[in-house]
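Atoms within a ligand are numbered from 1 in the order they appear, just like the ligands themselves.
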Amino acid sequence: MTSVVFAISDGNLASDLTGILRELGDYEVRGQATTTDQARDLVARVQPEVLFVHEEIGPQPLHQTVRDLSAGYPDTSVLVISGARTSGKVIKALEAGARGVVAHPFAYEDVSSNASTARQWSEAIRATRKGIARVVSQRGSVVTVAGSKGGVGTTTIATHLALDYLAEKPDGRVCLVDADVEKGDVGAILEARQGVSIADVAKVADDMTAQTVNDALIHHETGIRLLLAPADVRAAEYVTPVALRAIVTVLREEFDLVVLDAGGHVSPTQAAAVEAADEVLIVTTADVMAVRAMRLRIQAWESLGVRHEAECKVLVN
Ligand SMILES: Nc1ncnc2c1ncn2[C@@H]1O[C@H](COP(=O)(O)OP(=O)(O)OP(=O)(O)O)[C@@H](O)[C@H]1O
Ligand SMILES: [Mg+2]
C-alpha cells in the first residue's frame, strides 16, 4: 500500500480524490491537513510516499510549502492539484520540487498516471537511501602504516596492529596488505607461504570483483587474511596507484579493518596507500635522520594533496 496524505481544505475535493484513489486500489489515505501548518505536522508524522497539495491551501504560500516539504522529505513525492493546469503553473510547481500537477476537476486517468509516477519516484528514492545506508554501514576502516625510512619497524607495527585488533575482537574480519610491493616482508615475518600476490590482483584491476581479491588472500593461522607482495620484484610495477585504490575499495567492503604496510620508501604506491586510508600511522625511530625523513615525507604528501600533517599519527618505535 502506498501511503498518501492530503493538504486540502475543500472537503468535496478531498472526498472526490479519496474516491478515485480507492478505485485505483493500492493507495491508503493516511490523513488530511486543511492548513499549511497542519500539513507540515502531518507529513513529519506520517512521512507519506505521496502528498497531494491543493493550490488554494493557506495561510502560507503554496510554492514555499511545496519547496519546504519536498526538501525536508525527499522521499515524499508532492503533487499539486490545480484548477487550471497552465504550463506556467506546472513549471512553477516543478521548480518548487513537486513531481507533477493534477488537474481539477479530476480525471481518473490523470490522477492515476500522476499518482503512479509519484509513487515510483518515492520508492526509487527510498530504495537508494536504503542501499546507501547499507554501503556506509559496511565500510571497514583502512589504516595505512608507513615508515619514515627503511628498517624502522613499519612491518612489525602493521602486523601487530592487525593481530591486536583480532585479539580484542575475535570475530572481527581483518586483512593485512603488503603494499611495500618492491621489498615486502609481511610473508616472511608471518611465515606465510607465497601463493598469488597483490600484483596478480592488480593485473586485473580494470575488471576486479570481490571474488578476484578474495581468491588472492591467504588465510593465516592467526585468523587474519593476508594479501602479500609479489615474490618477483618485476611484478611490482602492476601495482599502480589506480590498482591499489581499486583493491582497497573492495577490501573495505569485505573487512572491518584493512591494514596497509606502505613501507618506508617514497613511491607513488606509498602515496596512494596514504591517500586511500582513513588513518595514517607514520613509524619512525627517534634519531635525527629518521625524524628529518619523516618531516620531508609529510611535506611531500601535503604538497601533493595526499594528506595533511594534522591527519597523520606518529609512532616512535
Ligand atoms: N618494537 C620493536 N621491538 C623489537 N623489535 C623490533 C621492534 N620494531 C622492529 N623490530 C625489529 O626490527 C627489525 C626491522 O623491523 P621491520 O621489518 O618491521 O621494519 P621495516 O620498517 O618494515 O623494515 P623494511 O624497511 O625492511 O620493510 C625486525 O627484525 C623487527 O623484529
Ligand atoms: Mg617492512
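With respect to the salt-bridge test (charged N to carboxylate O, under 4.0 angstrom), the residues R40 and D68 qualify. Using a 4.0 Å cut-off between a side-chain N of Lys or Arg and a carboxylate O of Asp or Glu, R173 and E254 do not qualify as a salt bridge.
Remark: ligand 1 atoms within the under-4.0 Å shell around heavy atoms of D180 are 27 (O). Ligand-side atoms of ligand 1 in range of T155: 18 (O), 20 (P), 22 (O), 27 (O), range being under 4.0 angstrom from any heavy atom.
Between G153 and ligand 1, a contact under 3.5 Å exists for at least one N or O pair. Between G150 and ligand 1, not a single N/O pair is under 3.5 Å apart. For a threshold of 3.5 Å applied to N or O pairs, the pair formed by K183 and ligand 1 contains at least one separation below that value. Of the N or O atoms in V152, one or more lie within a sub-3.5 Å distance of an N or O in ligand 1.
Checking T154, I189, T159 against atom 20 (P) of ligand 1, the nearest heavy atom belongs to T154.
For atom 15 (O) of ligand 1, the protein comes within 4.0 Å by at least one heavy atom. Atom 12 (O) of ligand 1 is never approached by the protein to below 4.0 angstrom, counting heavy atoms only. For atom 1 (N) of ligand 1, the protein comes within 4.0 Å by at least one heavy atom. In this structure, atom 6 (C) of ligand 1 is not in close contact with the protein, since no protein heavy atom lies within 4.0 Å of it. Distances from atom 27 (O) of ligand 1 to the protein include at least one heavy-atom value under 4.0 Å.
Legend: protein N/O/S atoms lying under 2.8 Å from the Mg ion (ligand 2), waters omitted, number 1.
At a threshold of 4.5 Å between side-chain heavy atoms, the hydrophobic network of Ile, Leu, Val, Met, Phe, Trp and Tyr places V266 and V145 in two separate groups.
Within the 4.0 Å heavy-atom criterion, neither part of V283 lies near ligand 1.
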